[in-house]
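Working notes, structure below.
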Amino acid sequence: MSSNSSSPAVLQLCYENVNGSCVKTPYSHGARVILYAVFGLGAVLAVFGNLLVMLSIFHFKQLHSPTNFLISSLACADFLVGVTVMPFSMVRSVESCWYFGQSFCTFHTCFDYAFCLSSLFHLCFISTDRYIAITDPLVYPTKFTVNVSGICISVSWILALVYSGAVFYTGAYDDGLEEITSTFSCVGGCQPVINQLFILIDFLLFFIPALVMMILYSNIFLVARKQAKMIDSISSKAEALSGTRKPKVSKGERKAAKTLGITVIVFLVLWLPLIIDTLIDCFVGYITPSYVYEILCWLAYYNSAVNPLIYALFYPWFRRAIKLIITGKILKDNSSTMNLFSK
């Protein structure tokens with residue numbers, strides 16, 4: 001028997017000449033190309049799609065509203081995920097190694113958490129905005145003003161950044177896990193092991209806003225259905241008396257609520273697997289394979305790329321704004337006053 005046939009495969013390391021280097025998971029050339037293409041597409045969509053959302057809302061005066069400012073700030077969080085998180089995660093996922101240093105690993109993880117939380121808080125405030133607009137439309141303009149929207153945006157960013165910074169830059173996230181951390185840590189890795197306390201806090205930070213959003217949108221659609229029936233009844237009577245059909249009120253508000261409701265559902269669907277996995281994993285000894293963790297992370301990252309596609313699918317004004325931006329018409333004088341809602 002040949003000795004070569006029984007010899008073990010040579011392990012590939014992230015850093016060949018460094019003691020304690022992480023073991024590299026080799027992929028074939030074809031697989032690497034496919035993975036880079038899939039992950040790179042997500043990053044490109046997240047960057048340019050959300051950049052178009054922000055540019056549209058800030059340039060066209062017709063889109064200057066409290067709700068749209070919240071949407072623009074949400075797009076900013078998704079844009080920053082595409083710029084500061086996804087490209088480096090792409091290299092980590094495909095190469096199975098972290099080549100950017102431990103300091104940047106902490107920065108990357110901190111921003112990853114912060115932008116996720118900020119997106120969640122934005123969506124919660126947007127849900128509240130839509131709830132007030134549908135259930136109390138007469139006083140909505142006085143309740144949810146641009147100043148109130150600015151406060152909501154500030155709270156969403158400050159809370160997310162302060163919490164993430166406090167957890168990861170103080171090192172509190174792995175208190176009590178020194179043994180496990182020393183077992184898992186190696187040169188070329190960037191997957192922090194987080195203790196049960198902060199995993200539970202993260203779960204609650206996700207679950208409570210998610211529950212609030214589900215309750216609000218359930219009430220929104222119930223009220224919208226009642227309003228639609230009432231409007232149909234009134235319009236039918238008006239049509240019988242005058243012979244003309246009066247336009248339905250609040251149609252735009254209901255459509256906006258529906259579109260943003262879809263955005264919330266997509267966010268929950270894409271993030272929930274990662275949240276559940278991290279919650280379970282911390283109680284069973286952190287046994288999730290790295291490739292499973294990477295798949296769940298990218299499922300969540302792709303949420304940042306999907307939101308602009310939802311807007312393009314359901315918002316005609318966004319499609320018109322994209323056309324004007326791409327064709328360069330926004331460079332013309334008075335382009336900011338163009339009507340995006342015309343048929």
Side-chain angles (χ1 to χ4, degrees), residues 2-49 78-113 115-116 168 180-194 266 269-278 280-282 284-306 309:
S2 173
S3 60
N4 290 334
S5 62
S6 59
S7 61
V10 177
L11 292 178
Q12 294 186 29
L13 302 177
C14 294
Y15 296 94
E16 293 293 341
N17 300 318
V18 175
N19 290 330
S21 172
C22 296
V23 177
K24 185 174 184 178
T25 304
Y27 291 106
S28 66
H29 179 71
R32 284 158 57 88
V33 170
I34 293 172
L35 288 174
Y36 271 120
V38 172
F39 298 155
L41 176 63
V44 169
L45 287 175
V47 172
F48 289 101
D78 290 333
F79 169 79
L80 289 172
V81 170
V83 171
T84 65
V85 177
M86 293 174 75
F88 306 99
S89 292
M90 175 174 63
V91 175
R92 181 193 66 193
S93 299
V94 178
E95 303 297 336
S96 69
C97 295
W98 182 261
Y99 294 121
F100 309 105
Q102 189 56 44
S103 296
F104 191 75
C105 173
T106 304
F107 173 85
H108 178 272
T109 306
C110 180
F111 271 31
D112 194 346
Y113 267 72
F115 298 148
C116 165
F168 291 102
I180 295 176
T181 301
S182 63
T183 302
F184 283 103
S185 64
C186 53
V187 180
C190 184
Q191 288 185 5
V193 180
I194 302 173
V266 169
V269 168
L270 294 179
W271 275 98
L272 199 58
L274 179 61
I275 297 296
I276 292 175
D277 175 75
T278 53
I280 295 174
D281 201 38
C282 74
V284 295
Y286 305 93
I287 60 174
T288 299
S290 59
Y291 71 90
V292 173
Y293 175 81
E294 295 293 351
I295 290 171
L296 296 179
C297 278
W298 276 97
L299 192 63
Y301 290 153
Y302 250 87
N303 175 76
S304 297
V306 168
L309 299 180

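From a predicted model like this one, the values you see are computed outputs, not experimental measurements.
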Legend entry - Side-chain heavy atoms of V85 within contact of H108, under 4.5 Å: yes
Legend entry - Sub-4.5 Å side-chain heavy-atom contact between F100 and V91: yes
Inset, instruction - Can you sort out the partners of Y293 under ring pair (Phe, Tyr, Trp, His ring centres under 6.0 Å), two or more places apart, ordered by chain and number? - result: none
Inset, instruction - Enter the distance from I275:CD1 to I280:CD1 here, rounded to the nearest 0.5 Å. - result: 12.0 Å
Inset, instruction - Decide, based on the SG atoms alone, whether C14 and C22 are under 2.5 Å apart. - result: no
Legend entry - Residues in side-chain hydrogen bond (donor to acceptor under 3.5 Å, both in side chains) contact with Y301, at least two apart in sequence or another chain: S89, D112
Inset, instruction - Specify the closest pair of heavy atoms between I194 and C282, including all atoms of both residues, with the distance to one decimal. - result: O-CB, 4.4 Å
Inset, instruction - On the 0 to 90° scale, with breaks at 30° and 60°, tag the F111-F107 ring pair as parallel, tilted or perpendicular. - result: tilted
Legend entry - Considering all heavy atoms, the nearest W98-G101 contact: NE1-O, 2.8 Å
Legend entry - side-chain contact (heavy atoms from CB on, under 4.5 Å) against I295, all qualifying residues, sequence neighbours excluded: Y291
Legend entry - Pairs meeting criterion salt bridge (charged side-chain N to carboxylate O under 4.0 Å, His left out) with involvement of residues 37-48, two or more places apart: none
Legend entry - Listed partners of T288 passing side-chain hydrogen bond (donor to acceptor under 3.5 Å, both in side chains), at least two apart: D277, D281
Inset, instruction - Working to the nearest 0.5 Å, report the span between OG of S21 and OH of Y15. - result: 7.5 Å
Inset, instruction - For the residue pair V94 and R32, establish whether any side-chain heavy-atom pair is separated by less than 4.5 Å. - result: yes
Inset, instruction - Return the set of residues passing side-chain contact (heavy atoms from CB on, under 4.5 Å) with P87 (not counting sequence neighbours), or none when no residue passes. - result: none
Inset, instruction - Just jot down the salt bridge (charged side-chain N to carboxylate O under 4.0 Å, His left out) partners of E294, sequence neighbours excluded, or say none. - result: R92
Inset, instruction - Identify the two heavy atoms, one from Q102 and one from G189, that lie closest to each other, and give their separation to 0.1 Å. - result: OE1-O, 4.2 Å
Legend entry - All side-chain contact (heavy atoms from CB on, under 4.5 Å) counterparts of C110, not counting sequence neighbours: S164, F168, Y169
Legend entry - Heavy-atom pair of closest approach, residues V306 and L270: CG2-CD1, 4.4 Å
Inset, instruction - State, yes or no, whether a side-chain contact exists between Q191 and S290 at a heavy-atom distance under 4.5 Å. - result: yes
Legend entry - Between F104 and F88, ring centroids under 6.0 Å: yes
Inset, instruction - Could I get the full list of side-chain hydrogen bond (donor to acceptor under 3.5 Å, both in side chains) partners for W298, not counting sequence neighbours? - result: S93
Legend entry - Any residue meeting side-chain contact (heavy atoms from CB on, under 4.5 Å) with T278, in chain and number order, not counting sequence neighbours: I199, L274
Legend entry - Residues that Y27 engages under ring pair (Phe, Tyr, Trp, His ring centres under 6.0 Å), provided they are two or more places apart: none
Distance-only donor-acceptor pairs under 3.5 Å for side chains of residues 36-48, two or more places apart:
| from | atom 1 | to | atom 2 | distance (Å) |
| --- | --- | --- | --- | --- |
| Y36 | OH | E95 | OE2 | 2.7 |

